[in-house]
There are 2 protein chains.
Amino acid sequence: MSDENWSPPPVLLAVDLVIFTLRHSQLQVLLVERGIDPYRGRAALPGGFLNNDSEDLLAAAHRELDEEADLDAARLHLEQLGTYGAADRDPRGRVVSVAYLAIAPHLPEPTAGTDAAGAAWRPVDAITSGELPLAFDHDVIIADGIERARSKLEHTPLATAFCEPTFTISDLQQVYEAVWGVDLDPRNFYRKVQKVPDFIRPVDAERRVTKGRPARLFTAGPATSLHPPIPRPGGTAEPEGQR
Amino acid sequence: MSDENWSPPPVLLAVDLVIFTLRHSQLQVLLVERGIDPYRGRAALPGGFLNNDSEDLLAAAHRELDEEADLDAARLHLEQLGTYGAADRDPRGRVVSVAYLAIAPHLPEPTAGTDAAGAAWRPVDAITSGELPLAFDHDVIIADGIERARSKLEHTPLATAFCEPTFTISDLQQVYEAVWGVDLDPRNFYRKVQKVPDFIRPVDAERRVTKGRPARLFTAGPATSLHPPIPRPGGTAEPEGQR
DNA sequence: GCAAAAGTGTTAAAAGTACACCCATGC
DNA sequence: GCATGGGTGTACTTTTAACACTTTTGC
């Protein structure tokens with residue numbers, strides 16, 4: 001904080017959401033279609049301006065989450081991703097956007113019903129490959145979100161946020177495989193995740209699908225970090241590029 | 001970004017700096033004494049409001065860096081740490097602050113000469129222990145900065161940012177030991193850091209101090225991430241608490 | 001029985017850990 | 001020589017990775 005009593009030019013503060021989920025064993029992100037200029041008709045991250053003088057940033061993120069998709073806030077991971085403030089990122093003027101990263105378990109369907117024109121889940125591959133152009137610098141924000149998620153799978157129990165309250169170990173494996181884009185050995189994975197203290201806890205139930213032996217069910221344990229970590233094979237952790 | 005053309009209430013955007021360096025084998029942070037209310041006379045992070053309509057966030061951080069301490073921007077690590085926007089964090093009104101983390105090699109002395117009333121390096125222990133009360137939520141920001149630095153030592157070449165352009169392996173070890181607050185075996189550390197591809201590169205020179213065998217000098221290599229990582233012993237990576 | 005998914009055992013290679021030891025310097 | 005910090009060797013333990021194998025289900 002500086003010590004002048006000169007009054008600086010105010011800027012507009014927006015909150016944008018990168019909401020990830022797993023659908024069809026793919027990492028997908030929730031996008032809305034913009035109804036107004038600039039970038040009318042383009043896909044964009046859900047988000048909006050900070051609502052009033054006393055609204056916390058995290059509260060604003062939660063509010064947007066309710067408006068755009070209606071996800072029950074209880075079982076949902078939400079963390080700050082970064083702040084994007086390049087002077088020319090919004091043609092209307094000076095808008096600084098605080099991006100939040102949300103992770104949700106597999107959800108029925110986009111539920112376009114509420115605020116945004118049309119909301120839809122999109123595979124992140126379509127965005128990183130550039131086939132689906134986005135508004136503003138939202139492609140960069142999503143790329144940072146992917147890298148954050150990939151990295152946190154290694155050291156935190158973030159993968160459980162992609163899962164239902166109870167899940168099998170192969171559910172968990174699918175999360176790692178989809179987000180990292182790799183194949184893992186199910187047998188070694190099975191033991192590795194169970195060896196991490198407080199990562200997952202067995203519950204007294206099984207899940208039976210059509211074929212094969214029923215699988216034990218687990219819940220997320222109390223751990224906030226993973227020791228030892230689940231290392232990403234050949235993993236590269238590039239730094240994020242916030243502006 | 002939301003689609004209304006209603007105009008939201010503007011907020012003030014500040015940029016604060018967490019500048020770390022190593023002095024006397026201690027992790028220290030640069031603090032200034034506030035000259036005005038609120039928190040007049042308290043220690044605070046250097047920082048200030050965003051200067052004008054076209055100033056980039058990172059540019060603002062660089063500007064503050066020049067004003068408060070004058071560090072040559074060339075050899076200096078600077079990254080975004082997080083954004084702090086609790087509604088009541090500044091009694092004057094709504095101020096959202098984007099914090100940046102800077103890492104500098106050991107510097108001569110605080111150089112209070114420029115903008116801030118008095119700038120001084122302080123051991124971070126004095127802050128985390130609560131002996132040195134800070135303005136605003138700056139204690140939380142510093143705590144997040146410490147955790148960020150500790151974590152990045154494992155996976156990135158951040159430690160070299162604490163060192164001069166050329167350094168010995170035991171210089172590097174002192175960084176790890178001071179930031180992590182642990183003791184490492186010099187012999188195993190010596191080999192471990194050299195085994196990480198592109199982490200450090202030998203230069204054709206030695207350093208001789210008063211006693212002992214001269215040490216080889218190294219420079220930072222081209223790596224942006226460390227594979228394999230330098231694991232933190234018994235390391236716990238708690239999540240950050242940005243608001 | 002057969003296919004499929006879950007879960008267990010085993011083994012060889014790799015990595016980490018502890019520590020004895022040698023090297024090059026200043027005094 | 002001796003103390004000091006730099007650097008190497010090595011034996012031991014632990015972790016990983018690859019994959020054969022057994023178990024439990026649906027059909």
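Treat the numbers as computed from the prediction; the structure is a model and nothing was measured. Every chain is numbered from 1, with letters handed out A, B, ... down the list of sequences.
- As rounded to whole Å, 17 Å separates atom P of C/dT8 from atom NZ of A/Lys192.
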Validation: residues 203-212 of chain A side-chain donor-acceptor distances under 3.5 Å, sequence neighbours left out:
| unit_1 | atom_1 | unit_2 | atom_2 | d |
| --- | --- | --- | --- | --- |
| A/Arg207 | NH1 | A/Asp171 | OD1 | 3.4 |
| A/Arg207 | NH1 | A/Asp171 | OD2 | 2.8 |
| A/Arg207 | NH2 | A/Asp171 | OD2 | 3.3 |

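- Rounded to an integer number of Å, the gap from A/Gln174 CD to C/dA5 P is 11 Å.
- Separating the CD atom of A/Gln173 from the P atom of C/dG7 is a distance of 12 Å, rounded to the nearest angstrom.
- Scored by the salt bridge (charged side-chain N to carboxylate O under 4.0 Å, His left out) test, B/Asp125 finds no partners at all (sequence neighbours excluded).
- Considering CD1 of A/Ile19 and CG of A/Leu30, their distance stands at 5.0 Å, rounded to 0.5 Å.
- A/Arg191 meets the salt bridge (charged side-chain N to carboxylate O under 4.0 Å, His left out) test with no other residue; sequence neighbours excluded.
- With sequence neighbours left out, the salt bridge (charged side-chain N to carboxylate O under 4.0 Å, His left out) criterion links A/Arg42 to no other residue.
- Near DNA chain C, defined here as any heavy-atom distance below 4.0 Å, the residues from residues 160-170 of chain A are A/Ser170, listed numerically.
- Judged as a salt bridge (charged side-chain N to carboxylate O under 4.0 Å, His left out), and not counting sequence neighbours, A/Arg213 has no contacts.
- A donor-acceptor pair shorter than 3.5 Å can be found between the side chains of B/Asp144 and B/Tyr84.
- Atom OG1 of residue B/Thr168 and atom CZ of residue B/Arg216 lie 12.0 Å apart, to the nearest 0.5 angstrom.
- Bracketed by its first and final contacts, the part of DNA chain D lying under 4.0 Å from non-hydrogen atoms of chain B reaches from D/dT4 to D/dT10 in 5' to 3' order.
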**Q.** nucleotides 19-27 of chain C: protein proximity per nucleotide (B base, S sugar-phosphate only, - neither; heavy atom, under 4.0 Å)
**A.** BBB-BBBS-
Could I get a table of every N or O pair under 3.5 Å where one atom is in the protein and the other is in nucleotides 11-15 of chain C?
none

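- For A/Arg150, the side-chain contact (heavy atoms from CB on, under 4.5 Å) criterion is met by A/Ile146, A/Glu147, A/Val179, A/Trp180, A/Arg232, not counting sequence neighbours.
- Partners of A/Glu164 by side-chain hydrogen bond (donor to acceptor under 3.5 Å, both in side chains), not counting sequence neighbours, listed by chain and number: A/Arg75.
- The ring pair (Phe, Tyr, Trp, His ring centres under 6.0 Å) check on A/Phe189 picks up A/Tyr176, with sequence neighbours excluded.
- Closest approach of B/Pro228 and B/Val196 over heavy atoms only: O-CG2, 3.4 Å.
- One interatomic measurement links the two molecules: CZ of A/Phe218 to P of C/dA6, which rounds to 11 Å at whole-angstrom precision.
- Minimum interatomic distance between B/Leu17 and B/Ala61 (heavy atoms only, all atoms of both residues): CD1-O, 3.8 Å.
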